[in-house]
2 protein chains.
Amino acid sequence: MASENRGLTERKKQILKAIVDAHIEGGGPVGSKYILQNQQLSCSSATIRNEMAELEEMGYLEQPHASAGRVPSELGYRFYVDSLIERYAMTTHEIAQINDLLKAKMGELDQILLAASNLASNLTNYTGIAIKPPVSAISINKFEIIYLESDHYILIAVTSTGSVKSKHVHTATPISQALAAKLANVLNQHLKGLSANEITLPIIMEMEAQMGYESSLVNAAIKVVYDLLNELDEGEMRVSGIDHLLQYPEYSDVGQLQELLGTLEKKEDILNLVSRSESQDISVLIGSESEVKVMNNSALVFKPIVKDGKTLGAIGILGPRRMDYAKVLATLEGLSGNITNLIGSNKSNGGESNGGN
Amino acid sequence: MASENRGLTERKKQILKAIVDAHIEGGGPVGSKYILQNQQLSCSSATIRNEMAELEEMGYLEQPHASAGRVPSELGYRFYVDSLIERYAMTTHEIAQINDLLKAKMGELDQILLAASNLASNLTNYTGIAIKPPVSAISINKFEIIYLESDHYILIAVTSTGSVKSKHVHTATPISQALAAKLANVLNQHLKGLSANEITLPIIMEMEAQMGYESSLVNAAIKVVYDLLNELDEGEMRVSGIDHLLQYPEYSDVGQLQELLGTLEKKEDILNLVSRSESQDISVLIGSESEVKVMNNSALVFKPIVKDGKTLGAIGILGPRRMDYAKVLATLEGLSGNITNLIGSNKSNGGESNGGN
DNA sequence: TTTTAGCACTCTTTTGTTCGGAGTGCTAAT
DNA sequence: ATTAGCACTCCGAACAAAAGAGTGCTAAAA
């Protein structure tokens with residue numbers, strides 16, 4: 001394939017780019033005459049027609065029906081995105097908007113991601129996606145217990161990613177403030193740094209032994225810890241700006257739109273897709289490149305948010321295959337830069353924060 | 001109005017109900033002939049036509065155009081919901097589904113609500129909504145500080161509603177474990193039970209005085225507390241199953257659908273609507289009854305989730321005005337019952353839990 | 001006085017037809 | 001290798017006609 005790309009003459013590239021641009025702009029098939037007008041090419045429409053026929057043969061273009069113009073194929077888009085794109089410079093206004101909104105939301109990572117995807121959606125007029133990938137092999141770095149009543153305490157856990165989760169626990173046997181402290185101690189001693197499947201029976205037994213008479217508390221606590229680790233494992237995804245999709249004619253077909261919304265609701269597919277991507281850079285998935293069947297005439301662009309080598313989340317854009325890639329890429333790039341700044345700058349007074357994951 | 005309702009003859013009621021039922025079923029206008037066939041009435045279509053004309057005059061029916069059948073008006077639906085509805089009995093299968101899913105999700109209230117709205121959406125085939133109303137005048141019952149490093153601690157707050165919020169704090173001046181404990185102490189002493197606007201300067205001053213040399217810590221902490229209270233104040237709303245909407249012809253008009261999705265995205269309107277409702281019972285808002293302009297041909301049904309007299313959240317259903325009210329009401333009723341059970345039963349081993357709001 | 005049958009009328013929806021435009025492919029000339 | 005020209009194809013808009021559904025009204029029946 002790469003060698004074929006090389007094989008494209010300068011003029012073919014120009015024509016291909018012109019077609020993709022025009023199709024992104026207008027949505028319909030693009031004809032030879034149109035290109036001739038909106039592009040300074042020193043040749044006639046007939047020549048363009050010939051070139052287009054060749055481009056079609058090579059797989060970069062498609063023809064909806066015999067006497068229609070050409071539409072970029074998946075391969076055509078891929079080529080466009082990979083090599084023809086003109087970087088879109090964000091306006092200062094847009095940059096200011098990003099700064100304002102994200103600064104204001106400087107809070108939990110969830111909130112930042114959500115705000116970012118919202119913003120991305122509004123800036124680009126496509127659908128925004130905020131993703132928190134499932135954190136596999138997560139562990140707990142610190143336990144803390146808040147004693148409330150004789151049968152009621154709150155178990156708090158600080159995870160290895162720095163986020164804090166809590167759970168209310170109601171005990172069958174009465175506890176005291178001191179007992180709660182002791183329990184916290186035992187938990188910290190034995191479970192620190194362990195992930196869900198590293199908590200083995202021997203460890204539990206030892207903890208029970210150490211708690212003596214109150215060993216029943218251990219069991220309850222362990223169960224809660226386990227639940228907690230599992231919850232952290234789940235991954236989340238939130239979508240914003242679906243209404244934007246409706247403005248594009250490709251989604252005026254109710255059936256397909258419904259299918260697309262369906263996959264957006266199910267979430268697993270996209271969540272998998274994003275978390276399986278090992279690249280830390282922007283990914284562009286066009287149409288059926290992404291095993292998710294439904295996305296045939298859609299494209300998904302996303303950028304992971306990375307800190308200290310760990311992927312904490314991702315923001316993305318979902319839109320029609322003919323989306324304005326230049327703008328989308330620039331927007332995501334800009335946003336992710338801001339987010340990374342925001343969560344990287346630890347020396348503030350308010351400080352970065354992570355609430356319940 | 002009530003007197004007008006009274007004025008409806010038995011036959012008029014029967015006809016009205018038949019029309020609403022038929023329209024809910026089919027979606028289109030309902031004609032006199034159709035009613036005659038699907039209803040055992042001892043009269044002819046002409047009589048029915050006369051009755052329908054009268055019902056229209058009284059405001060219960062509408063005619064899309066001169067020679068079409070009749071469609072229930074807003075008033076017609078209202079009457080139907082208020083007095084004609086046959087309670088829909090949930091199948092045991094549905095009940096089992098509810099139990100399974102909710103039990104499994106027994107975790108944070110957010111999660112329960114979300115799961116419930118999801119379930120409601122699937123059971124009814126409309127769009128589900130999970131709402132956490134803004135908790136005005138919320139206060140913090142307990143502070144706790146987890147010391148991490150010399151310039152980094154986690155501030156944890158247990159709110160009056162029992163949920164737990166946390167924030168990482170990075171300090172400008174170095175702290176110690178002991179100092180962190182002292183700070184927690186001061187916070188607990190002075191801020192317990194206060195809402196955001198009850199934290200006055202004198203209180204802050206006194207706290208600073210009490211902290212002596214380390215008074216700068218107080219300021220930073222207060223700011224965090226303040227942020228935290230504000231975040232709690234926000235209210236949240238999540239939507240599931242928008243794809244269901246597309247199956248109803250009333251939403252095949254892209255423009256209107258887009259508007260509706262727009263209001264769903266904005267959230268404030270619906271959030272206001274729900275939190276302003278003082279009833280603890282199921283509310284049914286039909287069309288323009290709810291100031292939200294867009295919902296002209298939609299209806300919103302929601303049920304608050306109440307515990308100890310406090311509204312903790314709400315689950316709802318959004319769908320076309322001609323929705324299957326019987327089923328929707330029964331589903332929400334069933335779900336809310338289960339949720340109330342779930343969060344009410346405090347004496348379990350795993351226990352109810354509230355993570356970061 | 002209420003109900004009913006019958007019929008004329010209205011409005012929508014569907015279907016078929018026509019027609020123009022846009023765009024291509026091909027061929028022959030440059 | 002490029003171009004002009006032309007025949008051909010296909011789609012979609014516009015229009016007309018027909019079919020269907022349902023009403024309102026009138027006059028007769030109960």
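A note on names: the letters A, B, ... follow the listed sequences, proteins ahead of strands, and every chain is numbered from 1. Values in this document were obtained by computation on a predicted structure and should not be read as measured data.
- Fit an axis to the five pairs at each end of the helix from C:dT1-D:dA30 to C:dT30-D:dA1 and the two axes sit 20° apart, to the nearest 10 degrees.
- In this structure, B:Gln37 atom CD and D:dA21 atom P are separated by 11 Å, rounded to whole Å.
- Between the side chains of A:Tyr251 and A:Asn297, not a single donor N or O lies within less than 3.5 Å of an accepting N or O.
- When the C1' atom of D:dT2 is taken as reference, atom NZ of A:Lys12 falls 14 Å away, rounded to whole Å.
- Residue A:Thr47 has a polar side-chain atom (N or O) positioned under 4.0 Å from OP1 or OP2 of D:dT3.
- When the P atom of C:dT3 is taken as reference, atom CD1 of B:Ile48 falls 12 Å away, rounded to whole Å.
- Evaluation of the salt bridge (charged side-chain N to carboxylate O under 4.0 Å, His left out) test over residues 64-76 of chain A, restricted to residues two or more places apart or in two chains, returns A:Glu56-A:Arg70, A:Glu74-A:Arg321.
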Identify the pairs formed between an N or O of the protein and an N or O of nucleotides 28-30 of chain D at a distance under 3.5 Å, and give each distance.
none

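- A donor-acceptor pair under 3.5 Å is formed between the side chain of B:Gln63 and the backbone N or O of B:Ala68.
- Side chain of B:Ser117 to main chain of B:Ile315: no donor-acceptor pair is present (N/O by atom type, distance under 3.5 Å, no hydrogens or angles).
- Residues B:Met58 and B:Leu75 share a closest heavy-atom pair of O-CD2, 4.0 Å.
- Among all heavy-atom pairs drawn from A:Leu318 and A:Ser298, the shortest one is CD1-CB, 4.4 Å.
- Listed by chain and number, the residues in a side-chain contact (heavy atoms from CB on, under 4.5 Å) with A:Asp269 are A:Thr263, A:Lys266, A:Val292, A:Lys293 (sequence neighbours excluded).
- One atom, NE2 of A:His65, and another, P of D:dC11, lie 5 Å apart when rounded to the nearest Å.
- Residues satisfying the side-chain contact (heavy atoms from CB on, under 4.5 Å) test with B:Ile95, not counting sequence neighbours, are B:Met90, B:Asn99.
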B/S/- along nucleotides 13-30 of chain C (protein heavy atoms under 4.0 Å) is ---------BBBB-----

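- No hydrogens or angles considered: a donor-acceptor pair under 3.5 Å links the side chains of A:Tyr77 and A:His23.
- Aromatic ring centroids of A:Tyr248 and A:Tyr126 lie under 6.0 Å apart.
- In this structure, B:Ile15 places its CD1 atom 15 Å from P of D:dG22, rounding to the nearest Å.
- For A:Leu264 against A:Ile129, the heavy-atom pair with the smallest separation is CD2-CD1, 4.3 Å.
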